[in-house]
There are 2 protein chains.
Amino acid sequence: MNIGETARASGVSAKMIRHYEHIGLIRESSRTFSGYRQYNERDVHLLRFIRRARDLGFSLEQIRQLLSLWDDPERASADVKHLAEAHIADLDARIAALSEMRATLVALAQACHGDHRPDCPILQGLAAPPDS
Amino acid sequence: MNIGETARASGVSAKMIRHYEHIGLIRESSRTFSGYRQYNERDVHLLRFIRRARDLGFSLEQIRQLLSLWDDPERASADVKHLAEAHIADLDARIAALSEMRATLVALAQACHGDHRPDCPILQGLAAPPDS
DNA sequence: CTTGACCTTGCCATGATGGCAAGGTTTATG
DNA sequence: CATAAACCTTGCCATCATGGCAAGGTCAAG
């Protein structure tokens with residue numbers, strides 16, 4: 001299987017497959033005589049794993065850890081759970097930060113009448129120190 | 001006022017002040033004979049505005065627009081409100097995306113007993129197509 | 001044999017920020 | 001005054017994950 005087909009099958013772009021190989025996230029693939037990378041179903045499976053982890057917001061470094069756990073049939077499920085929980089905490093922090101921004105912005109926007117008049121509490125709120 | 005003091009007063013690092021100047025977000029400052037950038041209170045005010053907008057998650061390009069609205073005493077408050085509301089929608093989308101990741105991950109983590117046993121639904125969930 | 005679809009490598013760009021290096025300036029201190 | 005510390009300058013590199021483009025090689029179908 002060439003890289004293009006592999007990309008379509010896994011949902012990871014050819015560009016990214018090469019990149020993952022380059023940074024050592026996946027092993028170097030075998031090559032045809034003329035240098036084309038060759039993949040099999042197991043590779044597609046692995047790439048799908050990576051793709052799903054990316055979709056869940058794991059960084060490539062975290063995925064590197066997940067993969068080493070995935071590869072290790074002896075590892076404790078607690079190890080994986082710890083990684084997942086750390087990532088959940090990370091997501092929580094990001095969600096909280098965005099929610100706070102949102103709340104501030106909504107409050108400013110509500111105070112703005114939003115008509116033809118130039119007077120605007122949003123810009124004033126940005127110009128003055130936040131009260132909270 | 002030198003750039004270091006300006007940075008401390010505005011909460012924008014000296015590095016970023018130079019960067020904002022470089023990309024044309026702020027005007028080039030005056031310089032001393034020996035080339036040191038010089039700032040005044042108005043510059044600090046402007047930088048604080050930028051800082052707060054960054055804290056609210058506006059991109060530098062959006063801030064560029066905000067600044068041109070800020071500079072224009074004739075503009076309608078509706079213009080500002082539109083920008084703010086578009087950004088709120090953007091925040092909403094990001095919050096929703098992160099929340100979805102979180103929910104999926106929490107479900108996987110809950111199914112994982114997290115003990116010494118190697119069996120782990122988290123890795124299985126990543127390896128198999130998501131059901132949702 | 002030509003054309004088009006595919007592959008290769010490698011460099012550049014994104015966005016916002018930090019770091020470092022090599023060098024010039026200013027200020028404070030001995 | 002001399003020197004050191006603290007500051008400034010520019011410029012390049014790095015981050016993180018990804019896309020784009022270019023120049024060239026390969027393969028399959030017509």
Side-chain angles (χ1 to χ4, degrees), chain A residues 1-26 28-40 43-44 47-67 87 90-91 93-94 97-98 101, chain B residues 1-26 28-40 43-44 47-67 87 90-91 93-94 97-98 101:
Chain A
M1 199 161 34
N2 282 346
I3 200 171
E5 197 185 341
T6 308
R8 279 187 296 274
S10 65
V12 176
S13 73
K15 191 87 193 211
M16 281 301 101
I17 296 175
R18 294 191 196 99
H19 180 57
Y20 294 163
E21 179 185 305
H22 186 70
I23 65 174
L25 191 66
I26 61 180
E28 291 192 19
S29 76
S30 56
R31 304 276 188 133
T32 64
F33 178 72
S34 58
Y36 283 22
R37 288 176 181 79
Q38 287 302 120
Y39 300 95
N40 57 35
D43 297 320
V44 172
L47 287 166
R48 275 205 260 240
F49 181 101
I50 295 173
R51 177 67 209 278
R52 290 201 198 93
R54 288 290 304 132
D55 286 347
L56 288 179
F58 284 96
S59 72
L60 293 185
E61 280 317 302
Q62 288 172 314
I63 292 172
R64 200 188 292 273
Q65 294 183 265
L66 285 174
L67 288 178
H87 186 47
D90 196 64
L91 290 173
R94 284 153 68 187
L98 291 176
M101 291 180 200
Chain B
M1 197 160 36
N2 282 345
I3 201 172
E5 197 185 340
T6 308
R8 280 187 295 275
S10 65
V12 176
S13 73
K15 191 87 193 211
M16 281 301 103
I17 296 175
R18 293 192 196 98
H19 180 58
Y20 294 163
E21 179 185 304
H22 186 70
I23 65 175
L25 191 66
I26 61 179
E28 291 192 18
S29 75
S30 56
R31 303 276 188 134
T32 64
F33 178 72
S34 59
Y36 283 22
R37 287 176 181 80
Q38 287 302 120
Y39 299 95
N40 57 35
D43 297 320
V44 172
L47 287 167
R48 275 204 261 241
F49 181 101
I50 295 173
R51 176 67 208 277
R52 290 200 199 93
R54 289 290 304 131
D55 286 346
L56 289 179
F58 285 96
S59 71
L60 293 185
E61 279 317 302
Q62 287 172 314
I63 291 173
R64 201 187 290 274
Q65 294 183 266
L66 285 174
L67 288 177
H87 186 47
D90 197 64
L91 291 173
R94 284 153 68 188
L98 291 175
M101 292 180 199

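Chain letters run A, B, ... following the sequence lines, proteins first and then strands; every chain starts at 1.
In this view, A/Arg64 and A/Glu61 satisfy the side-chain hydrogen bond (donor to acceptor under 3.5 Å, both in side chains) rule, not counting sequence neighbours. A/Ala97 is linked by a side chain to side chain contact (heavy atoms under 4.5 Å, CB included) to nothing, counting only residues two or more places apart in sequence or in another chain. Remark: A/Arg54 engages no residue in a side-chain hydrogen bond (donor to acceptor under 3.5 Å, both in side chains) (not counting sequence neighbours). Not counting sequence neighbours, A/Arg48 has no partner by the side-chain hydrogen bond (donor to acceptor under 3.5 Å, both in side chains) test. Under the rule for a side-chain hydrogen bond (donor to acceptor under 3.5 Å, both in side chains), the partners of B/Glu21 that lie at least two apart in sequence or sit in another chain are B/Arg37.
Here C/dT26 is the nucleotide among C/dC7, C/dT26, D/dT26 with the atom lying nearest to any side-chain atom of B/Ser34. The nucleotide whose nearest atom lies closest to any side-chain atom of B/Ser59 is, among D/dA17, C/dA16, C/dT9, C/dA16. Out of D/dT9, C/dC7, C/dT8, the shortest distance to the side chain of A/Asn2 is found at C/dC7. The side chain of A/Arg37 lies closest to C/dT9 when the candidates are C/dT9, D/dG19, D/dT9.
Checking A/Arg31 against B/Met16, the closest nucleotide of DNA chain C that is more toward the 5' end is the one next to A/Arg31. Each of A/Tyr39 and B/Thr32 was assigned the nucleotide of DNA chain C with the nearest heavy atom; the assignment lying further toward the 5' end belongs to A/Tyr39. Toward the 5' end of DNA chain D, the nearer of the two residues B/Gly4 and A/Arg54, judged by each one's closest nucleotide, is B/Gly4.
Separating the CZ atom of A/Arg51 from the C1' atom of D/dT18 is a distance of 12 Å, rounded to the nearest angstrom. Counting to the nearest Å, the C1' atom of D/dG19 and the CD1 atom of A/Ile17 are 15 Å from each other. Taking atom CZ on B/Phe33 and atom P on D/dT9, their separation rounds to 16 Å, with Å as the unit. When rounded to the nearest whole Å, the span between CE of B/Met1 and P of C/dT26 equals 18 Å. Atom OH in A/Tyr20 sits about 14 Å away from atom P in D/dC16, given to the nearest Å. One interatomic measurement links the two molecules: CZ of A/Phe58 to P of D/dA17, which rounds to 13 Å at whole-angstrom precision. Here the C1' atom of nucleotide C/dT26 and the CD atom of B/Gln38 are 12 Å apart, to the nearest Å. In this structure, NE2 of A/His19 is placed 15 Å from P of C/dG10, rounded to the nearest angstrom.
Residue contacts shown for B/Arg18 include a base, since a base heavy atom lies under 4.0 Å away.
For the atom pair OH (B/Tyr39) and CD1 (B/Ile26), the distance works out to 5.5 Å, reported to the nearest 0.5 Å. The CG atom of A/Leu47 sits 8.5 Å away from the OH atom of A/Tyr20 when rounded to the nearest 0.5 Å.
Residue-to-nucleotide contacts include no donor-acceptor pair under 3.5 Å from the side chain of A/Tyr36 to the base of D/dC27.
Residues from residues 5-14 of chain A placing a heavy atom under 4.0 Å of any atom in DNA chain C do not occur.
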